[in-house]
Q: 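Can you read through this structure? Questions will come right after.
Counting from 1, the numbers follow the sequence of the chain as shown.
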Amino acid sequence: MPVHRSGTVHRLRLLAVGVLLAAFSLLFTRPAPAAPEPGGSATTPSRGSAHMGMGVAAHDGQGGTPTSGDATQTEGVDVSGHQGNVAWSTLWNSGVRWAYVKATEGTYYTNPYFAQQYNGSYNVGMIRGSYHFATPDTTSGATQANYFVDHGGGWSRDGKTLPGALDIEWNPYGAACYGKTQSGMVSWISSFLNQYKARTGRDAVIYTATSWWTQCTGNYGGFASANPLWIARYNTSPGTLPAGWGYYTMWQYTSSGPTVGDHDKFNGALDRVQALANG
């Protein structure tokens with residue numbers, strides 16, 4: 001039977017302790033999370049989950065809400081798949097008279113609740129339209145405009161359908177400007193708008209925030225003469241508008257309003273909403 005000297009036993013015990021400590025270190029040590037790319041987030045949402053105003057509060061903050069009861073403004077809402085089935089009668093009874101519904105995103109997503117939301121708002125008497133969440137880093141503007149029109153983004157002169165809206169804002173999946181230069185972004189938006197008009201005969205509404213527009217287009221003012229502005233700002237006033245637009249057509253003023261969260265003001269009485277629908 002072999003005999004171990006005391007020194008050998010001691011070394012074996014130290015070796016065993018070292019192995020155990022290394023094992024515990026591997027078990028409980030977690031690598032530091034990777035830094036997000038500029039303009040991105042450490043936790044990236046799943047594709048298709050984006051919606052109007054998703055980045056407004058994080059980038060621009062939020063303050064108060066506008067005074068209610070202004071006869072020159074008409075209350076509206078915007079909804080997407082994350083709201084599910086919407087209680088349209090409740091919204092109608094609270095004074096909401098128009099709505100926009102997310103139809104598409106990129107060329108890879110359609111809203112599974114689109115029929116309930118788009119037809120439901122119409123059925124209670126609202127004037128409604130649809131919007132497209134732009135992802136300029138995936139496909140061209142014209143390609144996305146076609147996808148939008150083919151999946152709920154069309155227009156008809158029935159007095160109840162608003163022109164489609166292009167939701168162009170912070171990229172929830174990565175860099176704020178989708179990796180594009182300012183001139184590249186302007187070209188992408190122009191491609192979308194031109195194709196949408198070619199398909200529908202209408203100039204699309206542009207939904208954006210002034211700070212994003214300034215950062216990612218260089219505060220380009222060339223669309224203001226044709227495309228209505230839907231400004232995003234969660235405060236008591238819409239604030240400074242992007243270059244070229246002397247007034248806003250719509251204003252998303254909160255993401256925490258009753259029933260659906262996102263509430264909007266149309267800059268005019270109901271007859272002006274109807275005029276936009278009629279073209």
Q: Determine whether Leu229 and Trp212 fall in the same hydrophobic cluster, where Ile, Leu, Val, Met, Phe, Trp and Tyr are linked whenever their side-chain heavy atoms lie under 4.5 Å apart.
A: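 Same cluster.
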Q: Quick one: does Ile168's side chain get under 4.5 Å of Pro136's, heavy atoms only?
A: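 Ile168 vs Pro136: side chains touch.
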Q: Is the positively charged end of Arg202 above the ring of Tyr196, judged by distance under 6.0 angstrom from the centroid and angle within 45° of the axis?
A: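 Judged by the rule (NZ or CZ under 6.0 Å from the ring centre, within 45° of its axis), Arg202 is not positioned above Tyr196.
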Q: Charged N to carboxylate O under 4.0 angstrom, Asp150 versus Arg199?
A: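 Salt bridge present between Asp150 and Arg199.
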Q: Can any side-chain N or O of Thr135 pair as donor or acceptor with the backbone N or O of Asp137 at less than 3.5 Å?
A: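 No.
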Q: Look at the aromatic rings of His132 and Phe148 and report parallel, tilted or perpendicular, splitting at 30° and 60°.
A: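 Tilted, since the angle between the ring planes falls between 30° and 60°.
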Q: Drop me the distance from Gln144's CD to Ser191's OG, to the nearest 0.5 angstrom.
A: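 Nearest 0.5 Å value for the CD-OG distance: 9.5 Å.
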Q: Can you check whether Tyr118 reaches Arg128 side chain to side chain, under 4.5 Å on heavy atoms?
A: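 The answer is yes; the side chains approach within 4.5 Å.
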Q: Check whether Gln116 reaches the backbone of Val86 with its side chain - one donor and one acceptor, N or O, closer than 3.5 Å.
A: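 Yes, because the side chain of Gln116 sits within donor-acceptor range (under 3.5 Å) of the backbone of Val86.
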Q: When you compare the side chain of Trp92 with that of Met126, does any pair of heavy atoms fall below 4.5 Å?
A: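 Contact flag for Met126/Trp92 side chains = yes.
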Q: Does any part of the side chain of Tyr108, heavy atoms only, come nearer than 4.5 Å to the side chain of Thr138, both counted from C-beta?
A: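 A side-chain contact under 4.5 Å exists here.
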Q: Are Trp245 and Val186 connected, step by step, through hydrophobic side chains (Ile, Leu, Val, Met, Phe, Trp, Tyr) whose heavy atoms are closer than 4.5 Å?
A: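 Same cluster: Trp245 reaches Val186 through Ile, Leu, Val, Met, Phe, Trp or Tyr contacts under 4.5 Å.
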Q: Is it the case that one hydrophobic cluster holds both Tyr122 and Val101, taking links as side-chain heavy atoms less than 4.5 Å apart, direct or via other members?
A: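 No, it is not one cluster - the side chains of Tyr122 and Val101 are not joined through contacts under 4.5 Å.
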Q: Spell out, as yes or no, whether a donor-acceptor pair under 3.5 Å connects the side chain of Ser121 to the backbone of Gln117.
A: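 At least one qualifying donor-acceptor pair exists.
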Q: Any idea how Tyr147 and His151 line up, ring-wise: parallel (<30°), tilted (30 to 60°), or perpendicular (>60°)?
A: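 Rings of Tyr147 and His151: tilted, 30 to 60°.
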Q: Between Val124 and Val260, is there a shared hydrophobic cluster once you connect ILVMFWY residues whose side-chain heavy atoms come closer than 4.5 Å?
A: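 Yes, Val124 and Val260 fall within the same hydrophobic cluster.
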Q: Between Trp98 and Thr74 (side chain of the first, backbone of the second, donor and acceptor by atom type, cut-off under 3.5 Å), is there such a pair?
A: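 Here the side-chain-to-backbone pair exists.
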Q: Which heavy atom in Ser130 sits nearest to a heavy atom in Ala103, and how many Å separate them?
A: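 Scanning both residues, the minimum pair turns out to be CB-CB, 4.0 Å.
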Q: Would you name the heavy atoms of Asp60 and Trp170 that are closest together and state the gap between them?
A: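 Minimum heavy-atom separation between Asp60 and Trp170: OD2-CH2, 3.6 Å.
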Q: Heavy atoms only: give me the nearest Ala209-Ala232 pair and the separation to one decimal.
A: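 So the two residues come closest at CB-O, 3.9 Å.
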Q: Parallel, tilted or perpendicular: which one describes the rings of Trp251 and Tyr248, with boundaries at 30° and 60°?
A: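 It falls in the perpendicular class, over 60°.
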Q: Is it the case that the side chain of Thr210 and the backbone of Thr240 share a donor-acceptor pair, with hydrogens and angles ignored and the cut-off at 3.5 Å?
A: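 It does hold such a pair.
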Q: According to a hydrophobic-cluster definition based on side-chain heavy atoms being under 4.5 Å apart (Ile, Leu, Val, Met, Phe, Trp, Tyr only), do Tyr253 and Val79 belong together?
A: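 Different clusters: Tyr253 never reaches Val79 through Ile, Leu, Val, Met, Phe, Trp or Tyr contacts under 4.5 Å.
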Q: Within the distance-only criterion (no hydrogens, no angle test), does the side chain of Ser187 pair as donor or acceptor with the backbone N or O of Ser183 below 3.5 angstrom?
A: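 Flag set: sc Ser187 to bb Ser183 pair under 3.5 Å.
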Q: When the aromatic ring centroids of Trp230 and Tyr100 are compared, is their separation below 6.0 Å?
A: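 Judged by ring-centre distance (under 6.0 Å), Trp230 and Tyr100 do meet the cut-off.
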Q: Quick check: closest heavy atoms across Cys216 and Met185, and the distance to 0.1 Å?
A: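 Of all heavy-atom pairs spanning Cys216 and Met185, the closest is O-CB, 3.3 Å.
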Q: Mind listing the closest non-hydrogen atom pair of Ala277 and Ile127 along with its distance?
A: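 What the structure gives for the nearest pair is CB-CG2, 3.9 Å.
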Q: Looking only at non-hydrogen atoms, find the nearest pair between Met52 and Asp262 and report the distance.
A: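 Heavy atoms only, the tightest pair is O-OD2, 3.3 Å.
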Q: Using 4.0 Å as the upper bound for N to carboxylate O, is an ion pair formed by Glu75 and Lys265?
A: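 Counted as a salt bridge, because a side-chain N and a carboxylate O are separated by less than 4.0 Å.
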Q: Is there a side-chain hydrogen bond (donor to acceptor under 3.5 Å, both in side chains) between Asn267 and Gln73? Walk through the geometry before answering.
A: CA-CA 5 Å; Asn267 192 10; Gln73 294 182 323; 4.8 Å; no
